Amino acid sequence: MQLKMFRCRICGETYLGYEEPGNCPFCGAHVEFLVDPAEYDASVNRVELTETERGDLDSSIELERANTRFYLGMAERKDNDTLRSAYKRLAKVEAEHCSVFCKLAGIPKPADLLEPGETTGSWAGDIAESLARENRATTLYANFAARATSPRLREVWEAVSAVEADHITLDELAMTYI
Ligand SMILES: [Fe+2]
Ligand SMILES: [Fe+2]
């Protein structure tokens, strides 16, 4: 078995592994976005933004910031280590999305991105809230992708929309661990 490097076209991170993972371990993008590092174009995020795209990127950054902080808040709870671990990982994925959107907007990451936020106070309540957030994100990004004129922005919003849909499955699985 030989170790190989894979690079994600969506978040730009490099993964080292024996086999191609089913999706990016960092941003969750599906396997079709994982490429040979030699094929990765480092200038991929240099895009001209229309007014609408700029506004949609701002909304995406705010959404990812809020969701990262919500999941970090969930991950602070000590009474269920399975769920604490799952939502800590999810927070990192959403933070990665925030970082991608900031790169595309050409702005720094929000200063409070990694500060745990308020939650509902119970796992059941938080998972229900998470489901609502993930459903909203999936739909919103699909809409942003549909009206984007830049192929790169369309690609990123479509990819991240699919990842947020995967998070709905995570919430459904998480409910069985309460
Ligand atoms: Fe990625
Ligand atoms: Fe998500």
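Predicted model only: the values in this text are computed from it and were never measured. Counting starts at 1 for both ligands and their atoms, in listed order.
- Considering the Fe ion (ligand 1) as centre, the angle to SG of C27 and to SG of C8 is 100° (10° rounding).
- Between the OE2 atom of E134 and the OE2 atom of E94, the angle centred on the Fe ion (ligand 2) amounts to 80° when rounded to 10°.
- Salt bridge annotation for R65-D112: present, with a cationic side-chain nitrogen under 4.0 angstrom from a carboxylate oxygen.
- Counting just the N/O/S atoms of E164, the one with the shortest distance to the Fe ion (ligand 2) is named OE1.
- The Fe ion (ligand 2) is closest to atom ND1 of H167 (considering only N, O or S atoms).
- Contact check for V47 versus E53: no side-chain heavy atoms found under the 4.5 Å cut-off.
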Hey, mind stepping through H167 and N67 against side-chain hydrogen bond (donor to acceptor under 3.5 Å, both in side chains) and telling me if it holds? CA-CA 12 Å; H167 295 167; N67 288 2; over 6 Å; no
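- In this structure, D56 pairs ionically with R147, as a charged nitrogen and a carboxylate oxygen lie closer than 4.0 Å.
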